[in-house]
Amino acid sequence: MPSGLQVIQPNNVKIFNLTGGKSLPQWLPDRKRRRLLQTDLDLQKRIELLQDFEMPIASTNIQLTRDGGYALLAGTYKPRIRCYDLDQLALKFERHLVSDVVGMECLSEDYSKVLLLLANRSVEVHAQYGYHYRTRVPKFGRSLAYHQTSCDAYVAGASSEVYRLNLEQGRFMKSLQTQSSAINACAINPLYGLLATASVDGKVECFDPRVKEHVSTLDVLTGLPASALVDSKPELTALSFFEDGLTMAVGSYSGHVLLYDLRSSAPMVVKDHNYGLPIKKVALHKNAGKVLSCDSKVVKLWDWKTAQNFTAIEAAADINDMALYPDSGLFFMACEQSKVLSYFIPDLGPAPKWCSYLDSLTDEMETDTAGAIYDDYKFVTREDLSALGLEHLIGTNILRAYMHGFFMDTRLYQKAKAVAEPFAYEQYRQERVKKILEEGTASRLELAKARRKLPKINKELAKRLLAENEIRPKPAAEAAAAADGKEAEANPANPLGDDRFGKLFSNPDFEIDTEHEEYKLLHPLQPHKRMGDLLLDQRFTAVEDDDDED
């Protein structure tokens with residue numbers, strides 16, 4: 001299994017975490033990065049869904065373009081946006097900003113026109129070539145929406161007004177006046193073009209962009225349980241419309257998600273996250289009929305008609321935003337960490353075309369998991385059963401027929417083997433003791449060999465001759481004798497191995513005086529001690545004269 005593909009199964013739903021492997025720090029030089037990729041097995045096995053799909057510190061917003069070909073990611077520090085080409089699985093460009101991103105909207109089908117709402121009360125327009133224009137709004141903005149038909153950008157925030165910026169004329173138009181003191185979120189109905197705002201007073205107000213007038217007000221607090229109004233603020237924090245144009249999702253500060261039909265003032269479904277944290281975003285997976293709602297700790301998936309839990313994903317860091325790839329089981333989470341979390345749920349839908357390999361990869365993992373049920377079983381043949389005396393079990397539920405043998409429980413196999421071979425352990429123990437004794441004998445022989453004594457006369461010459469005898473290549477006859485175990489070892493008392501030169505190492509008259517002038521004239525350059533001489537000093541000791549010797 002790739003190290004970067006981790007599987008969790010909350011509520012028996014397989015969720016593949018595609019960002020669970022190791023990552024390389026951005027400050028590493030390219031040369032060291034390449035070296036680590038060649039040597040580190042965990043890095044080689046990881047799954048990198050998109051190149052550098054991360055931010056230095058944290059990611060705050062993520063959005064997919066309408067054509068499904070690009071992903072826009074905003075983060076810090078320093079404030080920046082990154083665009084990823086999904087077909088190429090790579091980073092396309094990166095642009096630095098003057099302030100953190102609060103909201104982001106794609107004005108075109110792809111990345112060529114993007115509108116950014118920044119934390120310093122400014123709105124930036126970016127084109128394909130880069131930054132294009134910047135303007136400021138009177139109050140701090142909290143949410144951004146774009147109406148394609150009229151080319152109006154709506155900015156809602158810490159004010160009772162919704163600022164309207166017409167991008168065709170390049171100027172601010174008359175603002176929309178709400179009944180609330182501040183607005184946390186706004187959204188455009190994809191089918192009818194209706195503008196809705198979620199306020200800090202717990203009300204949803206709707207405006208008709210065609211006549212620029214207020215049309216309706218919905219009090220969401222009446223649909224919340226009484227306990228939610230006691231322990232938390234009566235604020236609405238998230239708002240979105242589903243693709244059918246009739247369903248509206250509202251998220252509250254208390255952690256509740258309410259689904260409304262625009263034709264009714266009563267909620268169809270009320271879902272409690274049970275964390276007591278404000279809802280960040282709500283989205284619908286149309287094909288699977290599941291709603292994805294997230295707060296700062298968890299993303300919950302549940303049925304949009306019955307509110308029955310499907311599964312849930314908890315993140316290690318606080319969640320800031322999420323994005324669901326259309327008609328697939330892949331979605332992303334922007335969190336308070338450098339990595340952007342990517343998850344794939346096959347039960348929601350197939351993998352997108354640009355990463356279709358995820359389908360085959362998850363299928364292989366399921367096959368491996370199915371084969372793992374035999375990990376606690378031992379494969380045996382009929383001959384093994386005869387040796388264990390278990391032939392009478394053939395045909396029972398204890399043995400599972402497989403190919404040319406059977407699978408049986410490992411515990412039963414160990415017990416049967418212990419009964420059939422009661423002395424197997426004793427035999428193993430004796431063999432182990434014998435092997436240890438043989439190794440000890442060999443070590444003692446080597447130690448005795450290492451303690452061989454050198455002659456006292458011409459000790460240095462004997463050392464050198466013994467070292468040369470060990471290093472020099474052996475003739476064919478000696479090599480054959482050594483292979484048969486009949487190698488003749490050199491005698492330390494006579495390293496030359498010839499009796500005619502025996503007195504050279506026993507008679508003091510033949511001792512070489514290295515301090516004599518004639519010796520120094522014949523050997524003007526004294527060689528340094530070689531490694532062989534040092535080893536011989538450690539392995540051999542000089543022969544001492546006996547006291548009773550004449």
Side-chain angles (χ1 to χ4, degrees), residues 102-105 115 117-123 136-147 150 152-166 172-189 192-241 247-267 270 276-282 293 295 321:
V102 177
M104 184 165 45
E105 282 291 334
L115 188 65
L117 175 62
L118 304 183
N120 63 347
R121 293 195 298 116
S122 62
V123 178
R136 293 175 68 86
V137 292
K139 300 289 185 178
F140 288 98
R142 299 177 183 175
S143 182
L144 183 66
Y146 177 66
H147 188 252
S150 61
D152 283 343
Y154 296 94
V155 180
S159 173
S160 60
E161 296 180 339
V162 178
Y163 304 109
R164 186 163 60 97
L165 175 62
N166 188 276
F172 282 99
M173 310 300 287
K174 183 180 178 180
S175 302
L176 302 178
Q177 186 66 39
T178 65
Q179 302 173 4
S180 304
S181 58
I183 302 171
N184 289 329
C186 63
I188 298 289
N189 191 305
Y192 302 111
L194 190 69
L195 172 66
T197 61
S199 67
V200 296
D201 301 332
K203 296 180 180 180
V204 174
E205 300 184 43
C206 298
F207 297 84
D208 189 349
R210 297 172 297 180
V211 295
K212 282 76 176 177
E213 291 182 357
H214 179 275
V215 294
S216 179
T217 301
L218 175 64
D219 190 359
V220 180
L221 299 182
T222 58
L224 291 174
S227 59
L229 303 177
V230 175
D231 301 331
S232 63
K233 301 177 183 179
E235 294 186 14
L236 304 181
T237 56
L239 179 65
S240 63
F241 286 97
T247 307
M248 179 179 64
V250 182
S252 69
Y253 191 88
S254 60
H256 291 80
V257 180
L258 301 91
L259 299 185
Y260 284 91
D261 190 311
L262 293 182
R263 298 165 294 187
S264 174
S265 60
V270 178
L277 299 173
I279 301 298
K280 297 276 188 176
K281 193 172 184 179
V282 184
S293 56
D295 53 30
D321 196 6

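Looking only at distances, no side-chain donor or acceptor of H256 sits under 3.5 Å from a matching main-chain atom of L258. A distance-only check finds no donor-acceptor pair linking the side chain of R121 to the backbone of G141 [under 3.5 Å]. Using a distance-only test at 3.5 Å, with no hydrogens or angles considered, no donor-acceptor pair links the side chain of D295 to the main chain of I279. When atom types are taken as modelled, the side chain of R136 and the backbone of N120 share a donor-acceptor pair closer than 3.5 angstrom. For N166 (side chain) and S150 (main-chain N/O), a donor-acceptor pair under 3.5 Å exists by modelled atom type. Proximity of a side-chain donor or acceptor of T222 to a complementary backbone N or O of D219 within less than 3.5 Å is detected. Put simply, the side chain of S160 never gets that close to the backbone of S181: no donor and acceptor are under 3.5 Å apart.
The closest side-chain donor-acceptor pair between S252 and S254 falls under 3.5 angstrom. For the residue pair S199 and E205, no side-chain donor N or O sits within less than 3.5 Å of a side-chain acceptor on the partner.
D261 places none of its side-chain heavy atoms less than 4.5 Å from the side chain of T247. Contact annotation: the side chain of V250 never approaches that of V257 to less than 4.5 Å [non-hydrogen atoms, C-beta and beyond].
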Query raised in the report: Can R164 and D152 be said to form a salt bridge (charged side-chain N to carboxylate O under 4.0 Å, His left out), step by step?
Result: CA-CA 6 Å; R164 186 163 60 97; D152 283 343; 3.2 Å; yes
Query - Full working for salt bridge (charged side-chain N to carboxylate O under 4.0 Å, His left out) between D208 and R210 - result: CA-CA 5 Å; D208 189 349; R210 297 172 297 180; 3.0 Å; yes
Query raised in the report: Would V204 and M248 satisfy side-chain contact (heavy atoms from CB on, under 4.5 Å), going step by step from the backbone distance to the final call?
Result: CA-CA 10 Å; V204 174; M248 179 179 64; 4.0 Å; yes
Report task. Would you sort out whether V162 and T178 count as a side-chain contact (heavy atoms from CB on, under 4.5 Å), showing the intermediate values? Result -> CA-CA 8 Å; V162 178; T178 65; 4.0 Å; yes
Requested in this report: Could you check K280 against D321 for salt bridge (charged side-chain N to carboxylate O under 4.0 Å, His left out), going step by step and ending with a plain yes or no?
Outcome: CA-CA 7 Å; K280 297 276 188 176; D321 196 6; over 6 Å; no
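In terms of heavy atoms, P209 sits closest to G193 at CG-O, 2.8 Å. Residues T237 and P278 approach most closely at CG2-CB, 4.0 Å, considering heavy atoms. Listed here is the closest heavy atom pair of G223 and P267: CA-CG, 4.1 Å.
Within a 6.0 Å radius of NZ in K212, more than 12 heavy atoms belonging to other residues, nucleotides or ligands are found. The environment of OH in Y253 is sparse: at most 12 heavy-atom neighbours from other residues, nucleotides or ligands sit within 6.0 Å.
Here the CD-OG distance, from E105 to S143, works out to 8.0 Å after rounding to the nearest 0.5 Å. Rounded to the nearest 0.5 angstrom, Y154 OH and Y163 OH are separated by 15.0 Å. Here CZ of F207 is found 10.0 Å from CG of L194. Values are rounded to the nearest 0.5 Å. Residue E161 holds its CD atom at 4.5 Å from OG of S175, rounded to the nearest 0.5 Å. To the nearest 0.5 Å, the span separating OG1 on T197 from CG on L176 amounts to 9.0 Å. The distance from atom CD1 of I188 to atom CZ of F241, rounded to the nearest 0.5 Å, is 8.0 Å.
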